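Worksheet: the structure to be examined is printed underneath.
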Amino acid sequence: ELKVEQNPLFLSMQEGKNYTIYCNYSTTSDRLYWYRQDPGKSLESLFVLLSNGAVKQEGRLMASLDTKARLSTLHITAAVHDLSATYFCAVTGGATNKLIFGTGTLLAVQP
Amino acid sequence: DTEVTQTPKHLVMGMTNKKSLKCEQHMGHRAMYWYKQKAKKPPELMFVYSYEKLSINESVPSRFSPECPNSSLLNLHLHALQPEDSALYLCASSQLAGGLFAKNIQYFGAGTRLSVL
């Protein structure tokens with residue numbers, strides 16, 4: 001059974017600091033996704049990573065994928081308050097497009 | 001345009017009511033999904049439709065009945081729900097492209113917040 005774990009579950013950080021969210025998954029997967037969810041809102045697609053060594057960057061967020069370690073990271077550079085949200089990683093399971101989500105990381109950026 | 005539209009935004013229903021949630025997309029996506037999300041938890045897949053046919057049912061109780069009338073529309077019919085079914089119900093759609101470089105990103109609607117009294 002494909003399982004996805006994220007850590008930390010909760011991250012409180014100061015503006016201007018850097019930090020990394022980790023996403024581990026248990027079996028081989030074709031694609032890894034990162035989503036953002038604001039409180040009470042829907043999920044916004046941030047990145048999709050397709051191959052080993054893939055790196056994607058958008059603004060202060062950078063995602064990477066190591067398929068051999070079954071690990072993806074979401075790195076936050078010089079955090080700002082607007083980045084406060086819950087971040088989910090997700091992988092597709094098997095031959096379907098079924099998404100298995102990680103536990104989520106609640107990010108709170110303090111001024 | 002990557003918009004998935006869900007109606008209603010909020011729904012309150014009693015345990016004996018029958019109601020329906022609606023989802024619409026015009027991106028030409030051939031896969032549509034229903035997810036259930038409880039507070040502070042990740043979304044959990046309920047159903048997947050591929051090319052208007054039900055392809056995955058994650059052992060969802062029969063009080064939830066999905067329907068895909070055409071490639072743009074997805075409904076979720078609700079009947080005799082329980083208070084524990086209160087949650088945010090999210091619809092999503094995606095392409096179903098094959099191959100190593102197919103992204104198949106799932107785009108989510110804003111959700112229907114359901115309260116069962």
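Not measured: the values here are computed from a predicted model. Numbered from 1 within each chain, the chains take letters A, B, ... in sequence-line order.
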A/L43 CG to B/L90 CG distance, which is reported to the nearest 0.5 Å: 6.0 Å
With rounding to the nearest 0.5 Å, note down the distance linking CG in A/L50 to NZ in B/K103. 7.0 Å
Answer yes if [X] and [Y] sit in the same cluster of Ile, Leu, Val, Met, Phe, Trp and Tyr residues linked by side chain heavy atoms under 4.5 Å apart, and no otherwise.
{"X": "B/Y33", "Y": "B/M27", "result": "yes"}
{"X": "A/V4", "Y": "A/F47", "result": "yes"}
{"X": "A/L65", "Y": "A/L74", "result": "yes"}
{"X": "A/M62", "Y": "A/Y87", "result": "no"}
{"X": "A/L61", "Y": "A/V80", "result": "yes"}

Would you find more than 12 non-hydrogen atoms of other residues, nucleotides or ligands less than 6.0 Å from A/E58 atom CD? no
Neighbour count above 12 (heavy atom, 6.0 Å) for A/Q57 CD: yes
Among [range], which ones touch chain A with a heavy-atom distance under 4.5 Å?
{"range": "residues 6-22 of chain B", "result": "none"}
{"range": "residues 38-68 of chain B", "result": "B/K41, B/P42, B/P43, B/L45, B/I56, B/E58"}
{"range": "residues 109-117 of chain B", "result": "B/G109, B/A110, B/R113"}

Close contacts, residues 101-111 of chain A versus chain B, judged by heavy atoms under 4.5 Å: A/F101, A/G102, A/T103
Side chain to side chain, B/Q106 and A/Y35, heavy atoms closer than 4.5 Å: yes
Restricting to non-hydrogen atoms, name the atom on B/Y35 and the atom on A/L99 that form the minimum distance, rounded to 0.1 Å. OH-CB, 3.4 Å
Identify the two heavy atoms, one from B/L88 and one from A/K41, that lie closest to each other, and give their separation to 0.1 Å. CD2-O, 4.2 Å
So does A/E44 get a backbone contact from the side chain of B/Y107, meaning a donor-acceptor N/O pair under 3.5 Å? no
For B/I105, which atoms come within 4.5 Å of any heavy atom of chain A: side chain, backbone, both, or neither? both
